[in-house]
Amino acid sequence: MAEEITLRLDRATAEDLYVTLYEVGEHIAAGAPVTAPTKEEAERLGALLHELAHAIGRRCNAYCDHLG
């Protein structure tokens, strides 16, 4: 079995992630427009991407030295 990555999401972030993935899928499948997230949604999704990047061993930017 491949290495598992586990992240815990609060309800709002889980909803934001679902809506984002759904809308992107719809856009790809049917050319439907993707709505821009609110500031709060973008902040939650940004924090999730940051956490996910660290969980899979990626550096968050060129100056990210806390991953060794």
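Throughout, residue positions are numbered sequentially from 1 according to the sequence presented.
- Under the side chain to side chain donor-acceptor pair (under 3.5 Å) criterion, Thr20 pairs with no residue at all, not counting sequence neighbours.
- Residues in residues 12-22 take part in these salt bridge (charged side-chain N to carboxylate O under 4.0 Å, His left out) pairs, two or more places apart or across chains: Arg11-Glu15, Asp16-Arg44.
- Grouped by direct or indirect side-chain proximity (heavy atoms under 4.5 Å, Ile/Leu/Val/Met/Phe/Trp/Tyr only), Leu48 sits with Ile5, Leu7, Leu9, Leu17, Leu21, Leu45, Leu52, Ile56.
- Through side-chain heavy atoms spaced under 4.5 Å, either directly or across other Ile, Leu, Val, Met, Phe, Trp or Tyr residues, Val24 is tied to Ile28.
- Annotation for Tyr18: hydrophobic cluster partners, listed by chain and number, are Val19, Tyr22 (ILVMFWY side-chain heavy atoms under 4.5 Å, direct or chained).
- For Thr38, the side chain to side chain contact (heavy atoms under 4.5 Å, CB included) test picks out Glu40, Glu41, with sequence neighbours left out.
- To the nearest 0.5 Å, the span separating CD on Glu51 from CZ on Arg8 amounts to 10.5 Å.
- Contacts of Glu43 classified as salt bridge (Lys or Arg N to Asp or Glu O under 4.0 Å), with partners at least two apart in sequence or in another chain: Lys39.
- Residues meeting the side chain to side chain contact (heavy atoms under 4.5 Å, CB included) test with Val34, sequence neighbours left out: Glu23, His27.
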